[in-house]
Number of protein chains: 2
Amino acid sequence: MSQNQILQSLIAENLVSDPSGARGRLLTEAARLFREKGYERTTVRDLAAAVGIQSGSLFHHFRTKEEILKAVMVETIRLNTALMQAALEAADTNREKLRGLVRAELESINGQTGEAMAVLVFEWRSLSAASQVEVLELRDIYEKLWLDVLESLKREGALEADPFVVRRMLTGALSWTVTWYKPERGGLTLDGLTDQVMAMMAL
Amino acid sequence: MSQNQILQSLIAENLVSDPSGARGRLLTEAARLFREKGYERTTVRDLAAAVGIQSGSLFHHFRTKEEILKAVMVETIRLNTALMQAALEAADTNREKLRGLVRAELESINGQTGEAMAVLVFEWRSLSAASQVEVLELRDIYEKLWLDVLESLKREGALEADPFVVRRMLTGALSWTVTWYKPERGGLTLDGLTDQVMAMMAL
DNA sequence: TTACAAACCAAGCGCTTGCTTGGTATTGTC
DNA sequence: GACAATACCAAGCAAGCGCTTGGTTTGTAA
């Protein structure tokens, strides 16, 4: 399944919003603005202006500003979980599975969904405690995909360090690429970057 | 030189504020609050209350709220540069030097200066463009310490990946530990964590 | 055409924000 | 003990914030 096919099936199941619809367009713009200026510095007037409506009209679609942030995060995790599962299915060996996950996560972080992914990392604290719990449950499913592969690699002897620690390190390292990786300059492609990550781990 | 001796000499040179003085106490509390609630959610009234003065009185010490954020960041980088230099001097081989840097940065991130380090990572966007330029200059000095060691390791053949990319990955991985590493539970010490990082890189 | 809900606008309320102001203690210096 | 300089307080201003309100337009289906 291609990336686009996965997105389409999630839209069909009503798990993520269609980016061409009103709600989806707002969420896309919200992710862009939250990423660019941060959640707190982005006003409901900014959000409304970005989609061409009045600020008050936002509250017809979402009850609060925070609900918008939560929706961005929830839909992002749902999409990414599906993308990672597809990456796993396309690989045979555990080493290839890890490479697939790394490559897919790098693509999520630095591709079209990059803004939403950055929001997930950097605006976490702006979520209310209640919403954090909800989003954490989704994230656990996502993390399990990684841990299973890393644990298999450890059992094979290909990995020396603790799988749990390695996943945490990879989370940080891969997320951080959003602050410096620019494909257009430097000539480093996403595949090249993936190679570097694997080389760094001597895998 | 011990950590404390380094701090003392920086205070003597007026490069960082004495934590027991009025200014230093404010910066410590500011780092704590910025880390806990984020820069935007922290009000000048919060900051003032934390050191037991009126909100207006803050502006006797700092011209703007942002100047407080900048001061936290500048002093943190100055201290850390000194700490890294000390770590390098204490090591002989390049492998040991890298281990020293990793260990020192983990200590900065997860020790007493951890709050300020987290602010440096997560509140970057709240700095005005002008202040960002100033802080970036200091950071370049700091980053050069790392790159020199990584480049030597590459020349030795101990490292396969690109030094520049590896440093960026390490920045992300080590910074991220602040979100999950809790020395009290899990039984993983800072030295143990350092070992894990080195093991992950097969070094 | 009618009926009705969903989508939106124009206006603004109540509150919080960073910062200013004018004045009063406190401290250090000769 | 005189005199600044420094550190602080009490009060509040102007602007911006999230969100509400009452009413109008648009889309849909019988």
Side-chain angles (χ1 to χ4, degrees), chain A residues 11 14 17-73 119 123-132, chain B residues 11 14 17-73 119 123-132:
Chain A
I11 292 171
N14 228 9
S17 308
D18 188 340
S20 62
R23 183 186 155 99
R25 268 197 5 260
L26 175 62
L27 289 181
T28 305
E29 289 299 314
R32 218 200 70 233
L33 286 167
F34 290 163
R35 153 90 204 275
E36 188 182 312
K37 328 206 292 177
Y39 173 77
E40 312 287 347
R41 287 181 115 94
T42 303
T43 69
V44 292
R45 286 165 181 81
D46 291 334
L47 292 169
V51 291
I53 58 174
Q54 291 295 106
S55 68
S57 308
L58 273 186
F59 295 90
H60 178 75
H61 301 278
F62 296 90
R63 280 200 318 249
T64 64
K65 182 188 170 191
E66 196 225 345
E67 202 171 283
I68 300 176
L69 177 61
K70 185 173 133 191
V72 168
M73 294 188 172
V119 169
E123 307 300 332
W124 181 251
R125 260 178 337 193
S126 297
L127 263 196
S128 68
S131 301
Q132 285 190 2
Chain B
I11 293 171
N14 228 9
S17 308
D18 188 340
S20 63
R23 184 187 154 96
R25 269 199 2 261
L26 175 62
L27 290 182
T28 306
E29 290 298 316
R32 217 200 69 233
L33 285 166
F34 289 164
R35 153 92 205 274
E36 188 182 312
K37 327 204 295 175
Y39 172 76
E40 312 287 347
R41 288 183 116 94
T42 304
T43 69
V44 292
R45 288 163 179 83
D46 291 335
L47 291 169
V51 291
I53 60 175
Q54 291 294 104
S55 69
S57 307
L58 272 187
F59 296 89
H60 178 75
H61 300 278
F62 297 89
R63 280 202 317 253
T64 63
K65 182 189 171 189
E66 197 223 345
E67 202 171 283
I68 300 176
L69 177 62
K70 186 174 134 191
V72 168
M73 292 188 174
V119 169
E123 306 301 331
W124 181 251
R125 260 177 337 192
S126 297
L127 262 196
S128 68
S131 301
Q132 285 189 3

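Reckoned from all heavy atoms, side chains included, excluding hydrogens, waters and symmetry mates. Letters A, B, ... mirror the listed sequences (proteins, then strands); counts begin at 1.
Atom CD of B/E40 and atom P of C/dG18 are 9 Å apart (whole Å). Rounded to whole Å, atom P of D/dC17 lies 13 Å from atom OH of A/Y39. Rounded to whole angstrom, the span from the CG atom of A/L47 across to the P atom of D/dC19 amounts to 11 Å. Rounded to whole Å, the distance from CG on A/L58 to P on D/dC17 is 14 Å. B/L69 has its CG atom 12 Å from the P atom of C/dC19, to the nearest Å. Counting to the nearest Å, the P atom of C/dG23 and the CD atom of B/Q54 are 18 Å from each other. Atom P of nucleotide C/dC9 and atom CZ of A/F59 are separated by 14 Å, given to the nearest angstrom. Rounding to whole angstrom units, NZ of residue A/K65 and P of D/dG16 are separated by 15 Å.
Interface remark: the A/R45 side chain does not form any donor-acceptor pair with the D/dG16 base, using a distance-only criterion of under 3.5 Å.
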Are there any protein N/O atoms within less than 3.5 Å of an N/O atom in nucleotides 4-7 of chain D, and if so, which ones and at what distance?
residue	atom	partner	partner atom	Å
D/dA7	OP2	B/H60	NE2	3.2

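In this structure, B/K70 is not positioned above the aromatic face of B/F62 in the sense of NZ or CZ being under 6.0 Å from the six-membered ring centre and within 45° of the axis.
Here the side chains of B/E123 and B/V72 are not in contact, with every heavy-atom distance at 4.5 Å or above. Residues A/I11 and A/P19 form a side-chain contact, since some pair of their non-hydrogen atoms from C-beta on lies under 4.5 Å apart.
Nucleic acid contact for B/S55: base, since at least one base atom lies under 4.0 Å from a heavy atom of the residue.
Under 4.0 Å is where a charged nitrogen must lie from a carboxylate oxygen, and between B/E40 and B/R125 no such pair does.
Residues A/M73 and A/L127 share a closest heavy-atom pair of SD-CD1, 3.6 Å. Taking each heavy atom of B/A31 and B/V119 in turn, the nearest pair found is O-CG2, 3.6 Å.
One finds no side-chain N or O of A/S57 lying less than 4.0 angstrom from the OP1 or OP2 phosphate oxygen of C/dA7.
Residues A/I53 and B/R63 each lie close to DNA chain C; by heavy-atom proximity, the contact nearer the 5' end of the strand is made by A/I53.
Between the side chain of A/E66 and the backbone N or O of A/S128 there is at least one donor-acceptor pair closer than 3.5 Å.
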